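Okay, structure first, notes after.
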Amino acid sequence: MERQTWRTQNPLPARACGFESHLGHVRAWVVDQPGPIDGGPLRLVERPSPVPAGDEVVVEVSACGVCRTDLHLAEGDLPPRRPGVTPGHQVVGTVVERGPAALRFSVGDRIGVAWLRRTCGVCRFCVGGRENLCLRPSFTGWDAHGGFAARCTVPEAFAYRLPGELDDASAAPLLCAGIIGYRALLVADCPDGGALGVWGFGASAHLTAQSAMARGIRVHVFTRAAAARQLALELGCASAQDSPDASPEPLQSAIVFAPVGTVVPLALRQLDRGGICAVAGVHLSDVPRLVYEEELFYEKQLRSVTANTRADGIELLAMARTASIRPRLAEYDFPDLPRALSDIAADRLVGSAVVRVA
């Protein structure tokens, strides 16, 4: 995959970039005052190096993917759940310390940290195998400090072993964009060999399209961005057109990745009878009034996607290894995280943004 790299013109020294600890402290980005990203809601600080709880490990972060959810958190669409939280939930790094009850990984192991940080394990959803709907979950970079820092912690049961075939930057976007897209594909329930419509073609969608095509699914992309349409065709999608355009064929399934509620009726209209539309995103602007006869009749279904299970992550990482699912990368240096988020906000980015922390 083609890579782009953005580097600051006046790099900070290594300690300021989060490459090392200093007297037991690490550098980290925090949400200071949520607001428009170009207004500077993030601040680079130094704080004590994290100490693992009993079942946690400390991860020395090498790379962290940048997600639109991080943008929602910085701008206040997703209110921070703790003051001064460090975002970032697509974390790749190395285990450097273990809590007394953490035995799954060894120091030096390379692991991944995803959005779902912990579940209660005892509610009706956890017991029923649907931990993504847990009544008392916590999330990386929202409830606990995430990966836009030199170090972070993770409960070992919610970390992932990473395929050796994937370098750090390529593995990072799979830990949210990839996993959530994979779950959206499951929720949309497109049959192998069927036709899938995808609205929006950013970090998650371009990975989901690869997963779908690996199953013989024909993927039709609907997005206003010309560069994204070009990427879709380069990846092998069956077609790429503007969001309101008609589909070249009736769709068995649709996935809405764009965080824009007005797209939902467009996707529903393109579905064949009995089709399913899945909305993948933690934040969505209001959906307009639906016209029942045009958008929901003939047993069409509208579903939402909520987080992921650990099984989703394991399956996606296995598929990434066997089907060579790889992100189109735009890489940023650690001090340039605000620029990465600004590029996402302004739709200047095609593919996945990744910050190199070390």
Side-chain angles (χ1 to χ4, degrees), residues 50 52-59 67 69 72-73 78-82 85 87-91 95 98-105 109 111-147 152-163 174-191 204 207-208 211 215 253 255-257 276-284 301-321:
D55 66 341
E56 294 179 348
V57 297
V58 177
V59 180
C67 179
T69 302
H72 292 319
L73 185 68
L78 195 66
R81 287 184 171 175
R82 60 181 296 173
V85 69
H89 54 272
Q90 303 178 98
V91 188
V95 175
R98 305 187 302 177
L103 303 174
R104 183 180 171 208
F105 299 106
D109 284 354
I111 64 173
V113 182
W115 173 239
L116 185 66
R117 176 181 173 82
R118 193 187 290 276
T119 58
C120 72
V122 296
C123 73
R124 60 187 182 276
F125 297 107
C126 288
V127 172
R130 304 171 72 191
E131 65 181 5
N132 62 305
L133 301 178
C134 175
L135 297 175
R136 294 177 295 278
S138 65
F139 299 98
T140 307
W142 192 17
D143 297 290
H145 292 312
C152 69
T153 62
V154 61
E156 65 167 6
F158 287 82
Y160 294 90
R161 296 188 185 276
L162 298 174
L174 297 177
L175 293 163
C176 179
I179 293 174
I180 294 299
Y182 179 75
R183 182 159 192 89
L185 188 59
L186 296 179
V187 171
D189 198 20
C190 191
S204 190
L207 293 168
T208 307
S211 298
R215 291 173 41 191
S253 301
I255 304 176
V256 174
F257 288 101
I276 298 171
C277 176
V279 178
V282 71
H283 174 76
L284 183 74
Q301 298 180 50
L302 178 60
R303 300 177 176 177
S304 66
V305 178
T306 300
N308 64 276
T309 67
R310 283 170 283 179
D312 296 332
I314 293 169
E315 291 171 12
L316 182 276
L317 290 170
M319 179 180 285
R321 182 175 62 248

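Everything quoted here is computed from the prediction, not taken from an experiment. All heavy atoms count here, side chains included; hydrogens, waters and symmetry mates do not.
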- Task: Provide the closest heavy-atom pair for A307 versus F139 in the form atom of the first, atom of the second, distance.
- Result: CB-CE2, 4.2 Å

- Message: If you compare all heavy atoms of A320 against all heavy atoms of L174, which two are closest, and at what distance to 0.1 Å?
- Response: CB-CD1, 3.8 Å

- Item | ring-ring contact (aromatic ring centres under 6.0 Å, His included) against F158, all qualifying residues, sequence neighbours excluded | none

- Considering all heavy atoms of both residues, which atom of C120 and which atom of C126 are nearest to each other, and what is their separation? SG-SG, 4.0 Å

- Item | side chain to side chain contact (heavy atoms under 4.5 Å, CB included) evaluation trace for L175 with L162 | CA-CA 10 Å; L175 293 163; L162 298 174; 4.3 Å; yes

- Message: Going by salt bridge (charged side-chain N to carboxylate O under 4.0 Å, His left out), name the pairs with one or both residues in residues 126-136, residues two or more places apart or in two chains.
- Response: E131-R310

- Item | Considering all heavy atoms, the nearest V85-A144 contact | CG2-O, 4.0 Å

- Item | Minimum side-chain heavy-atom gap T153-H145 below 4.5 Å | no

- Task: Under the salt bridge (Lys or Arg N to Asp or Glu O under 4.0 Å) rule, collect the residues that match up with D189, sequence neighbours excluded.
- Result: none

- Item | Shortest non-hydrogen contact between C134 and F125, atoms and distance | N-CB, 4.2 Å

- So V91 and V154, side chain to side chain contact (heavy atoms under 4.5 Å, CB included) or not? Walk me through it. CA-CA 10 Å; V91 188; V154 61; over 6 Å; no

- Decide yes or no on side chain to side chain contact (heavy atoms under 4.5 Å, CB included) for R303 and I276, but give the supporting numbers first. CA-CA 7 Å; R303 300 177 176 177; I276 298 171; 3.6 Å; yes

- Item | Any residue meeting salt bridge (Lys or Arg N to Asp or Glu O under 4.0 Å) with R104, in chain and number order, not counting sequence neighbours | none

- Got a second to check how far T69's OG1 is from W142's CH2, nearest 0.5 Å? 9.5 Å

- Looking at side-chain heavy atoms only, is the closest gap between V57 and I111 below 4.5 Å? yes

- Query: Quick one: OG on S204 to CG on L185, what's the gap to the nearest 0.5 Å?
  - Reply: 10.0 Å

- Task: Identify, with sequence neighbours excluded, every residue that meets side-chain contact (heavy atoms from CB on, under 4.5 Å) alongside S138.
- Result: R117, R118, D143

- Task: To the nearest 0.5 angstrom, please state how far the CG atom of L133 sits from the CZ atom of R124.
- Result: 9.5 Å

- Message: Quick check for you: to the nearest 0.5 Å, what is the distance between W115 atom CH2 and I180 atom CD1?
- Response: 9.0 Å

- Query: After noting the C-alpha distance and the side-chain angles of L116 and N132, does the key distance pass the side chain to side chain contact (heavy atoms under 4.5 Å, CB included) rule?
  - Reply: CA-CA 8 Å; L116 185 66; N132 62 305; 5.7 Å; no

- Note on the structure: SG of C152 to CD of E56, rounded to nearest 0.5 Å, is 9.5 Å

- Return the minimal non-hydrogen interatomic distance between A114 and T140, and the atom names on each side. O-OG1, 2.7 Å

Would you be so kind as to tabulate the donor-acceptor pairs closer than 3.5 Å made by side chains of residues 311-319, with sequence neighbours excluded?
unit_1 : atom_1 : unit_2 : atom_2 : d
D312   : OD1    : R183   : NH1    : 3.4
D312   : OD1    : T309   : OG1    : 3.4
D312   : OD2    : R183   : NH1    : 2.7
D312   : OD2    : T309   : N      : 2.9
D312   : OD2    : T309   : OG1    : 3.2
E315   : OE1    : Y182   : OH     : 2.7

